[in-house]
Amino acid sequence: MHGRAPRSNAVRVGGIEEAVGRGETYQKAGPDMVFCYTRSPEELRFVSERVLPPLMMFAPADGFGTFGLSQRELGDMGYRLAASSRSVL
């Protein structure tokens, strides 16, 4: 399976507005999903309000138990894939 998931780490240098702006631009290219790097549940919600699903996120390092948003809430916001930074390629 080959998928297209453009990624924006712009939040690190330009803030969440820059990351979302890039996500909106990527959306126009017709990707399979969009990944905007976020640092908090609030940023995840902000992205989901501006960029159309399906969305991708990093899974919380310590799991979803104490994350602040349930898997159901994330799904309702349009997140379809939670990748782990510990994943092996």
Side-chain angles (χ1 to χ4, degrees):
M1 177 173 85
H2 296 282
R4 297 169 294 153
R7 167 184 175 150
S8 175
N9 284 341
V11 71
R12 294 179 179 176
V13 293
I16 192 66
E17 288 282 346
E18 176 71 19
V20 166
R22 291 183 187 193
E24 291 170 325
T25 299
Y26 297 153
Q27 196 79 57
K28 294 173 187 172
D32 296 313
M33 64 181 53
V34 173
F35 172 71
C36 293
Y37 178 77
T38 57
R39 298 173 288 201
S40 68
E42 293 76 23
E43 288 182 349
L44 282 167
R45 190 175 308 280
F46 184 78
V47 169
S48 74
E49 291 169 352
R50 301 266 308 272
V51 181
L52 296 173
L55 300 168
M56 177 181 164
M57 62 175 283
F58 273 138
D62 59 350
F64 287 95
T66 60
F67 181 60
L69 291 171
S70 69
Q71 290 178 11
R72 178 182 212 99
E73 290 171 306
L74 290 165
D76 289 347
M77 292 182 339
Y79 289 93
R80 299 294 180 258
L81 178 64
S84 170
S85 60
R86 298 179 204 175
S87 298
V88 177
L89 296 176

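Along the sequence shown, the residues carry numbers beginning at 1. All values derive from a computational prediction rather than experimental measurement.
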Asker: Mind checking what makes salt bridge (charged side-chain N to carboxylate O under 4.0 Å, His left out) contact with Glu42, not counting sequence neighbours?
Answerer: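 Partners of Glu42 under the salt bridge (charged side-chain N to carboxylate O under 4.0 Å, His left out) test: none.
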Asker: State whether Arg22 and Glu18 are salt-bridged, where the test is any N-O pair (Lys NZ or Arg NE/NH1/NH2 against Asp/Glu carboxylate O) under 4.0 Å.
Answerer: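 Salt bridge flag = yes for Glu18 with Arg22.
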Asker: So, for Phe35 and Tyr26, is the gap between ring centers shorter than 6.0 Å?
Answerer: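 When the ring centroids of Phe35 and Tyr26 are compared, they turn out to be at least 6.0 Å apart.
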Asker: Output all residues satisfying side chain to side chain donor-acceptor pair (under 3.5 Å) with Arg45, sequence neighbours left out; order by chain, then residue number.
Answerer: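 Per chain and number, Arg45 pairs via side chain to side chain donor-acceptor pair (under 3.5 Å) with no residue.
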Asker: To check you understand the geometry: which heavy-atom pair defines the closest contact between Tyr79 and Val47, and what is its length?
Answerer: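 Nearest pair, atom of Tyr79 first, then Val47: OH-CB, 3.6 Å.
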Asker: Could you pull out every donor-acceptor pair under 3.5 Å between side chains of residues 67-78 and any protein atom, sequence neighbours left out?
Answerer:
residue	atom	partner	partner atom	Å
Ser70	OG	Arg72	N	3.4
Ser70	OG	Glu73	N	3.0
Ser70	OG	Glu73	OE1	3.4
Glu73	OE1	Ser70	N	2.7

Asker: Give the C-alpha distance, both sets of side-chain angles, the deciding distance and a yes or no for side-chain contact (heavy atoms from CB on, under 4.5 Å) between Leu52 and Val34.
Answerer: CA-CA 8 Å; Leu52 296 173; Val34 173; over 6 Å; no
Asker: Which atom pair, heavy atoms only, marks the closest approach of Ala19 to Cys36?
Answerer: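 Shortest heavy-atom separation between Ala19 and Cys36 comes out as O-SG, 3.5 Å.
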Asker: How many angstroms lie between atom CG of Leu55 and atom CZ of Arg50, to the nearest 0.5 angstrom?
Answerer: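 So the gap between those two atoms works out to 13.0 Å.
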Asker: Holding to side-chain contact (heavy atoms from CB on, under 4.5 Å), I want the full list of residues that pass it with Leu81, two or more places apart in sequence or in another chain.
Answerer: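 Partners of Leu81 under the side-chain contact (heavy atoms from CB on, under 4.5 Å) test: Met33, Met56.
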